Engineer: 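I am attaching a structure below and will ask some questions about it afterwards.
None of the values given here were measured: they were computed from a predicted structure. Per chain, numbering begins at 1; letters A, B, ... match sequence-line order. What you see below is based on every heavy atom in this structure, not just the backbone, and it leaves out hydrogens, waters and symmetry mates.
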Number of protein chains: 2
Amino acid sequence: MSPRRTPVGRRDRPAKTPLSRAGLVSVALRIMREEGLERVTMRRLAAELDTGPASLYVYVRNTAELHGALLDELVADLSSPETAQSEWREQLIGLMCAYTELLFAHPSLARSVLLLRPSGPHYLRLIDEVLRLLLAGGMPSRQAAWGVDLLLQQATATAAEQGSRDEAVEAGGEEEDLALAVSEATSETYPHLVRVRDEIMSGTGEQRLRWAFTTIIDGLSHTR
Amino acid sequence: MSPRRTPVGRRDRPAKTPLSRAGLVSVALRIMREEGLERVTMRRLAAELDTGPASLYVYVRNTAELHGALLDELVADLSSPETAQSEWREQLIGLMCAYTELLFAHPSLARSVLLLRPSGPHYLRLIDEVLRLLLAGGMPSRQAAWGVDLLLQQATATAAEQGSRDEAVEAGGEEEDLALAVSEATSETYPHLVRVRDEIMSGTGEQRLRWAFTTIIDGLSHTR
DNA sequence: ACCTGAACACCGTTCAAGT
DNA sequence: ACCTGAACACCGTTCAAGT
């Protein structure tokens, strides 16, 4: 229809912006938000940027590094909640819940991040903030330092697990297998499981999440 | 060389045993032990069993279910350590460490299990045993019921993370990125991180693992 | 240095057709 | 019911060759 402006252009795209790491990440972010991380593949990204997959390896080492960059972008939007006069403990639980909810929206990213050691500037800011709150709670520095890891891992693992479960409902449905197995357990085979049967699946995700963070923070405070 | 005994046999394999779920799982287990979970693919498994990949779907729903079955086989070998007169707390930490070490040998399985709700008989036995110890510690039943989940998730997440890190050393090396970022952090940008800098990477994997379990159990005991 | 097409070496799952 | 070959619809990464 319109006359060609770029003689060797493969298609009539608006323009071919030069490749850059930032460009890569922003396109990846868009695809992730619109279609999920599953669709963010090197091949798809390359197609979107009107090039071949090999070209991307100039800007990212591999898929894992790309995922790390995506996490950092997400974490950038994480505002410290209510920096007001509420207690450090409540603030910390709020921050951890906010981070977990962020990951809930992208369970497959959580899955990927679990295998990473994120090191982006925004993630470091999150670490620093969690540390601030733990130290504000009067925790010894080793307790605080190791605690950040424990808390962040818990958040990521929960998001990875919970999120993929929602996705897996259509597909497999392994949690129904567990529910079934638990309901069929007898006192002869699994006596303790039977004793707490009703509590094992109880509570909402939100309740159990807050409970988990509270439990860990209690354990951290209880200095030995 | 030798005369054909099976006229339509594709190759001179010893014999073609009929397919079964148990047979599938045992071949999968062997490949996992010898070459790692990465090599346990439907296609590879089919080739090993002298059939096409489609045939496997009679016995397992999908790859996830197969991984669940593999975990259950591993957990079967998990002997309850020292059921002697040592305290419930020490016994529990020992059991959790044993489970984690089991998974350390198969990090990619841990990764996969994180997205599952395992429901095999041996896994249920593990749940029952952890519950027994928590209840022996005098914990209220909701605390115990939710606690099992927290403890087992922590174990799996640690194995998934730690294990893949060992593997990733050859490949990417994202943890070095973090170490670098931490060492380059300044008091202006990340004041709290700088304050605990030396503790954040300290300790061996074993030390931190025991510490994490102790912390969570402390938090669980501290009933609210 | 940056960019590329093509190739290497694979995947999981489904389906129509057989036995 | 069980089993199968072939197909569908893809992957990440590397490499030699170009600019």
Engineer: Would you mind pulling out the nucleotide paired to dG12(D), Watson-Crick or G-U wobble, both distances under 3.5 Å?
Structural biologist: dC8(C)
Engineer: Spell out, as yes or no, whether a donor-acceptor pair under 3.5 Å connects the side chain of Arg197(A) to the backbone of Ser183(A).
Structural biologist: yes
Engineer: Quick one: do Asp177(B) and Arg61(A) make a salt bridge, cutoff under 4.0 Å?
Structural biologist: yes
Engineer: What integer distance in Å separates Arg61(A):CZ from dG12(D):P?
Structural biologist: 17 Å
Engineer: Under 4.0 Å between a side-chain N or O of Thr41(B) and OP1 or OP2 of dC10(C)?
Structural biologist: no
Engineer: Give the rounded distance in Å between these two atoms: CD of Glu38(A) and C1' of dA9(D).
Structural biologist: 16 Å
Engineer: What is the separation between atom CZ on Arg21(B) and atom P on dA1(D), rounded to the nearest whole Å?
Structural biologist: 19 Å
Engineer: Under 4.0 Å from OP1 or OP2 of dT4(D): is there any side-chain N or O of Ser55(B) that close?
Structural biologist: yes
Engineer: Now, which nucleotide makes the Watson-Crick or G-U wobble pair with dA17(C), with each of the two distances under 3.5 Å?
Structural biologist: none
Engineer: Would you indicate which nucleotide in dT14(D), dG12(C), dC3(D) comes nearest to any side-chain atom of Ala54(A)?
Structural biologist: dT14(D)
Engineer: I'd like to know if Asp149(B) pairs up with Arg117(B) as an ion pair, taking the criterion as any Lys NZ or Arg NE/NH1/NH2 lying under 4.0 Å from an Asp or Glu carboxylate oxygen.
Structural biologist: yes
Engineer: Between dC3(D) atom P and Leu56(B) atom CG, what is the distance in whole Å?
Structural biologist: 10 Å
Engineer: Rounding to a whole Å, what distance do you find between Met42(B):CE and dT4(D):P?
Structural biologist: 15 Å
Engineer: Quick one: label Thr63(B) by what it contacts on the DNA or RNA (base, sugar-phosphate, nothing), any heavy atom closer than 4.0 Å.
Structural biologist: sugar-phosphate
Engineer: Grab the CZ-P distance between Arg44(B) and dG12(C) for me, whole Å please.
Structural biologist: 12 Å
Engineer: Rounded to the Å, how far apart are Glu65(B) CD and dT13(C) C1'?
Structural biologist: 14 Å
Engineer: Thinking salt bridges, do Glu48(B) and Arg30(B) make one under a 4.0 Å N-O criterion?
Structural biologist: yes
Engineer: Taking atom C1' in both dC10(D) and dA6(D), what distance in whole Å separates the two?
Structural biologist: 16 Å
Engineer: If you assign Tyr57(B) and Arg43(A) each to the DNA chain C nucleotide with the nearest heavy atom, which residue ends up on the more 5' nucleotide?
Structural biologist: Arg43(A)
Engineer: Round to a whole Å and report the spacing from OH of Tyr59(B) to P of dT13(C).
Structural biologist: 17 Å
Engineer: Under the side chain to side chain donor-acceptor pair (under 3.5 Å) rule, collect the residues that match up with Ser202(B), sequence neighbours excluded.
Structural biologist: Trp146(A)
Engineer: Does any nucleotide pair with dC3(D) by Watson-Crick or G-U wobble geometry, both distances under 3.5 Å, and what is it?
Structural biologist: none
